[in-house]
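Nothing fancy with the numbering, it's 1 onward along the sequence. Counting convention: from 1, in listed order, for ligands and their atoms alike.
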Amino acid sequence: MNLEQQDKKYVLQTYARNYTNFVKGVGSALYDENGRDYIDFASGIGVSSVGHGNKKLVSAICEQAKNIIHISNLQVIEPQAKLAQKIVDLSGYDMGLFFANSGAEANEGAIKIARKYGEINFDEKRYKIITLEHSFHGRTITTVKATGQESFHTPHFSPYPDGFSYEKSIIDVYKAIDNETVAVLIELVQGEGGVQPFEKKEIQELAAYLKKDGILLIVDEVQTGVYRTGEFLASNLYEIEPDIITLAKGLGGGVPIGAVMTKHKEVLSIGDHGSTFGGNYLSTCAGLAVLEILEELYESGAIASTHLYLEKKLESIVKQYGNLFEKEVGLGLMRGLRAKNVSIQSSVQSRSLEEGLIVLKAGRNTVRFLPSITITKDEIDEGFKRFEKAISSL
Ligand SMILES: *Cc1c(COP(=O)(O)O)cnc(C)c1O
């Protein structure tokens, strides 16, 4: 039995998988079992934030693994407390954190905080949460319901929890607020929905409006967080102060971790929420190493120069290949090329892989670029050489 057959026989088939077998990674290069190299512009969907085989991260994980991997949240966990402080310091917000294992779980935590907040702060309990069309918030029953894409609300998994509604635009959010609304949940740059950023000004106005009425602003930074958009958080870039922020993807550099942070530190009390694995020694020690690496890179100006470099490359592609792409979209190292149609999107992705380049899809027609934050200019150059080769025949 080969690997593909083994996967198909024993792993539940929930993904439309590619069967290239990667066996080695160095920086933003991946190698398959035949020794062929690929440039990685996907970083495991924005997760491998410091690239593959990063020495500092690997040694932090190995040292921690040789000692304690896990005890439980019934004991204090030193790297967890340190990571919480580090995230708070980098964010500039006076918040407290709860650690989970994924983005969906972080969002579940955010929804729980919002619902309890809605109970203790209003005479009549408020529980409704407004989200945006084309959003993505996770795959649990509740976060799927929070996701503003009808195709995710398949009747297979019904009934779904009540209290979620979806609006086309920020303007429509104002109209949708009623006296049961407790929160608005948004991604500042919609990732899965098509790498679509919201306008800074309209977000700032929304934030101010919600604050005035005591309605919570929850920002899902599972994809935008941890320097993805150029600042530590997209909320920093947009210069807003949300009530609740969720993180996951890039935080552990590939070790599963999620976090929900809030300035309403008093809402959850003992027994309200928990996780067996969340915030254990291994994942929080990985998070600390990732943040040390990326903070240094940020301070040196390297992250800003990488994203300008990537942006220039994408702009020149749009100029040259107007037959394939309408425009360049996104922020920082969260970028996309809006393809003219869905079939171009698909063939760009598959042709890229044939040329040794991994790119992602987003929404219905966007080719998505989510490289590691540590990607080098040489790796970007090599990636685009392959990208041009891939698309010039289309
Ligand atoms: C990926 C993603 C999630 C879900 O994260 P998981 O770790 O897969 O549960 C939630 N929100 C956003 C914005 C994401 O990009």
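Between S305 and L308 the shortest side-chain heavy-atom distance does not fall below 4.5 Å.
Apart from F98 itself, the hydrophobic cluster it occupies contains I111, I113, Y117, I120, F122, I129, F164, Y166, V182, L185, L216, I218, I244, V260, V267, L268, where clustering links Ile, Leu, Val, Met, Phe, Trp and Tyr at side-chain heavy-atom distances under 4.5 Å. Other cluster members for V26: Y31, joined by side-chain heavy-atom distances under 4.5 Å among Ile, Leu, Val, Met, Phe, Trp and Tyr. Hydrophobic cluster membership for F22: L30, Y38, L353, I358 (Ile, Leu, Val, Met, Phe, Trp, Tyr linked by side-chain heavy atoms under 4.5 Å, directly or transitively).
Under the 3.5 Å distance criterion, the side-chain polar atoms of E167 are left unmatched by any main-chain donor or acceptor of S165.
Salt bridge absent: K211 and E241 never bring a charged side-chain N and a carboxylate O closer than 4.0 Å.
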Output block, N or O contacts of ligand 1, threshold 3.5 Å exclusive:
residue: ligand 1; atom: 7 (O); partner: G103; partner atom: N; Å: 2.8
residue: ligand 1; atom: 9 (O); partner: G103; partner atom: N; Å: 3.4
residue: ligand 1; atom: 9 (O); partner: A104; partner atom: N; Å: 2.8
residue: ligand 1; atom: 11 (N); partner: F136; partner atom: O; Å: 3.2
residue: ligand 1; atom: 11 (N); partner: D220; partner atom: OD1; Å: 3.4
residue: ligand 1; atom: 11 (N); partner: D220; partner atom: OD2; Å: 2.8
residue: ligand 1; atom: 15 (O); partner: Q223; partner atom: NE2; Å: 2.7
residue: ligand 1; atom: 15 (O); partner: K249; partner atom: NZ; Å: 2.5

